[in-house]
Amino acid sequence: SKYTWVDKDTCIACGACGATAPDIYDYDDEGLAEVIFDGDANHGVKAIPEDMHEDMIDACDGCPTDSIIIADEPFNKEG
Ligand code: SF4
């Protein structure tokens, strides 16, 4: 399985990831990106379905600050 998480400490709120993968990434009140898929709330614990992996990888590749992280195991972040 694949999991994803946004490092808000380095996100610059450019808006690219939500445009590329709107079912996975959206923005908080400050415009910083977060993982919203299946209520993830940027914990990085929801497995991203295979048919969404291409969009997820495109968003990761397109992030100018490398703030989108992808891994094979859940992140279990606080948000
Ligand atoms: Fe933040 Fe990267 Fe998404 Fe831009 S593409 S909003 S810098 S996570």
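Ligands are counted one by one from 1 in listed order, and the atoms in each one are counted from 1 as well.
- Side chain of H43 to main chain of K77: a donor-acceptor pair is present (N/O by atom type, distance under 3.5 Å, no hydrogens or angles).
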Is there a side-chain contact (heavy atoms from CB on, under 4.5 Å) between I36 and I24? Walk through the geometry before answering. CA-CA 6 Å; I36 52 95; I24 304 175; over 6 Å; no
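- Using a 4.0 Å cut-off between a side-chain N of Lys or Arg and a carboxylate O of Asp or Glu, D38 and K46 qualify as a salt bridge.
- For the pair D28 (side chain) and E30 (backbone), a donor-acceptor distance under 3.5 Å is present.
- Side-chain contact check for T4 and Y25: at least one donor-acceptor pair (N or O, by modelled atom type) lies under 3.5 Å.
- Checking T10 against S67 by side-chain atom types alone, a donor-acceptor pair falls below 3.5 Å.
- Near atom 4 (Fe) of ligand 1, less than 2.8 Å away, sit the protein N, O or S atoms C14 SG.
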